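Values reported hereafter were calculated over all heavy atoms of this structure, with side chains retained and with hydrogens, waters and symmetry mates removed. Naming: A, B, ... by sequence-line order, numbering from 1 per chain. All figures in this text were calculated on a predicted structure; none of them were measured in a lab.
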Amino acid sequence: LPDQDERAAELSREQNEKTIRSTQTALRNFREFLISKYPSETREIYVIPCKELDAYLASFFVDARQKDGSEYEPNSLANYQCGLERYLKEHRYGYSITRDKEFKRSQEALKQKQIELRCKGKGNKPHKSMKLTFADELILRKRGLLSRYNPEGLLNLVWLNNTKAFGHCTGFHGSTLKWGDIRLRVTETGLEYLEWMGPDNGDVNAKSKRGGTDSRVYATQHSPQTCPVQDYKEYAQRRPPAMRYEDAPFYLSIKPVVNLAALHWYNGQALGKNKLAKMVKTMCEKGNIPGRKTNFSVYQSCSTLSEAQSNQLVLICNNLSQHRKSHSNTGNFIVSASYDSSSDTA
DNA sequence: AGCTAAGCAACCAGTACGCT
DNA sequence: AGCGTACTGGTTGCTTAGCT
């Protein structure tokens, strides 16, 4: 059946590696469950007749537990069903376990189990992230965690600017960002801007469609203290000269002991992906900001500030830079756990 | 038209371990 | 000691297809 062949080939070709991993996880958990509960069953699951497989699945949805013995989230069980469906489809199983009547029993079992779990208080998205508010950002700035004046703050600042500006662009991945992926340019009228050189920027069709305006941030000349282009320039200076080539990683690890008066604050080594994945979490923990904050929190925050908010931001940044000038005469600071430069609470 | 789910993709946490 | 990576388990995000 050429149709089926094509379909299967298409499926395996198109599938994302994470989808494949999801499928494997579902399969592994189901197999382990079968082995522990029905040791005599040794067949591959795609050769088990539908009636028996339906019974096994029903049993799985009802009795399966996490490694630590606790119940799954309702959505996780549904995901397992989807994963098993993908696997069975790959092996040309004759039925759909999510749709066909022959699997009514397991479908019902899953539904009931989900209801039961929700009654028990599950399914409330315990890991859902909260948005990073404007107030949070102000606190982070005050405490030096978003700042041009120390290595960690500067790295955070540039990361946040990039993520806000380009994070929504398709194909933008912070963890693989190269130095040359973001360019400093100037308009005909002399306004500076940063542009993300996305994978489709060479493509004529894509260009005519989007015009590239999606992937730019412009300098805010009226308030240089909060200008993302100025942040970028500062970061560029603080990187070691050897890391200025296009293919160099954009985000670099911080030198273990930094003299703040030294020009270069960063190593030639890329910042690891685990570190990048916890950017927001780390800065919020260090800034004592309550709530569950993750990188995703950035996407939930509003991208444009009200006039009042941006005025407030400018004031604070000016204030902090003044404050710093009056304290930086020794020029021999060593980075310590906290850069907090203000003790007032507002 | 509005809602739900299906399906894929991605994230977060934990762990183990390697390098300097 | 403090970085880094790789892998795994579990959960959530997001778009779209299907139902009522």
Side-chain angles (χ1 to χ4, degrees), chain A residues 7 10-33 61 64-90 96-100 103 106-108 110-111 113-115 117-118 121-132 151-152 155 163 167-176 249 251-258 265-286 291-301 335-337:
Chain A
R7 192 139 166 257
E10 188 181 299
L11 283 174
S12 61
R13 203 184 315 122
E14 279 183 3
Q15 271 183 354
N16 184 292
E17 67 174 287
K18 312 243 172 165
T19 305
I20 294 167
R21 196 155 66 81
S22 272
T23 308
Q24 292 301 318
T25 303
L27 191 57
R28 185 180 344 106
N29 287 347
F30 184 55
R31 279 182 176 149
E32 275 173 19
F33 174 82
F61 293 138
R65 294 292 184 277
Q66 295 186 169
K67 302 277 173 194
D68 65 1
S70 61
E71 295 273 16
Y72 282 106
E73 287 291 321
N75 284 343
S76 298
L77 289 173
N79 260 352
Y80 289 161
Q81 190 194 33
C82 293
L84 293 171
E85 171 94 341
R86 283 193 293 273
Y87 175 76
L88 291 169
K89 201 192 272 178
E90 270 171 41
S96 161
I97 62 172
T98 60
R99 285 188 298 273
D100 286 349
F103 286 85
S106 60
Q107 289 158 15
E108 285 302 317
L110 174 58
K111 225 172 248 176
K113 181 72 180 194
Q114 289 183 306
I115 291 168
L117 288 170
R118 291 197 178 99
K122 286 256 175 189
N124 294 318
K125 316 234 167 146
H127 298 292
K128 187 175 174 169
S129 59
M130 299 168 67
K131 77 174 186 181
L132 188 71
E152 187 179 0
L155 188 65
T163 306
H168 68 278
C169 296
T170 48
F172 183 86
H173 297 300
S175 57
T176 55
Y251 301 111
L252 301 177
S253 59
I254 297 168
K255 286 188 176 180
V257 177
V258 182
W265 285 348
Y266 304 96
N267 285 323
Q269 167 118 52
L271 197 64
K273 68 172 189 177
N274 289 353
K275 208 86 172 172
L276 281 167
K278 292 177 186 171
M279 222 57 186
V280 173
K281 187 185 182 216
T282 306
M283 67 179 103
C284 286
E285 275 175 5
K286 290 188 178 177
R292 192 178 182 90
K293 308 286 183 177
T294 69
N295 285 357
F296 192 74
S297 304
V298 176
Y299 297 100
Q300 299 171 313
S301 61
V335 174
S336 65

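Contact annotation: Arg86(A) does not reach the phosphate of dG7(B) (side-chain N/O to OP1 or OP2, under 4.0 Å). Contact between the side-chain N/O atoms of Thr294(A) and the OP1/OP2 oxygens of dC12(B) is found at a separation under 4.0 Å. At the phosphate of dA5(B), neither OP1 nor OP2 sits under 4.0 Å from any side-chain N or O atom of Lys111(A).
In this structure, Asn29(A) CG and Tyr72(A) OH are separated by 4.0 Å, a value rounded to the nearest 0.5 Å. Rounded to the nearest 0.5 Å, atoms CZ (Phe61(A)) and CD (Gln114(A)) are 9.0 Å apart. Taking CE of Met283(A) as the start and CG of Asn295(A) as the end, the distance is 7.5 Å to the nearest 0.5 Å. Going from atom CZ of Phe30(A) over to atom CD of Gln81(A) covers 11.0 Å, rounded to the nearest 0.5 Å. Distance check, rounded to the nearest 0.5 Å: CD of Gln66(A) to CD of Glu71(A) gives 8.5 Å.
The nearest pair of heavy atoms linking Met279(A) to Leu271(A) is CE-CD2, 4.2 Å. Summarising the geometry of Tyr266(A) relative to Leu155(A), their closest heavy-atom pair is OH-N, 3.5 Å, with the distance given to 0.1 Å. Of all the heavy atoms in Leu132(A) and Cys284(A), the pair that sits closest is CD1-SG, 3.8 Å.
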Quiz prompt | B/S/- contact track for nucleotides 1-11 of chain C, protein heavy atom under 4.0 Å | solution = --SSBB-BBSS
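Note: CG (Leu276(A)) to P (dC11(B)) measures 11 Å, nearest angstrom. Put simply, CG on Asn75(A) is 11 Å from P on dA6(B), counting in whole angstrom units. Rounded to whole Å, the distance from CG on Leu77(A) to C1' on dA5(B) is 15 Å. Lys293(A) places its NZ atom 14 Å from the P atom of dC12(B), with the value rounded to the nearest Å. Between the C1' atom of dA17(C) and the CZ atom of Arg99(A) lies a distance of 11 Å, rounded to the nearest Å.
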Tabulated below should be each protein N or O lying under 3.5 Å from an N or O of nucleotides 17-19 of chain B; please produce it.
none

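A salt bridge does not link Glu285(A) to Lys278(A): none of the charged side-chain nitrogens sits closer than 4.0 Å to a carboxylate oxygen.
When distances run from any side-chain atom of Asn295(A) to the nucleotides dC12(B), dA13(B), dG7(B), the shortest one goes to dC12(B).
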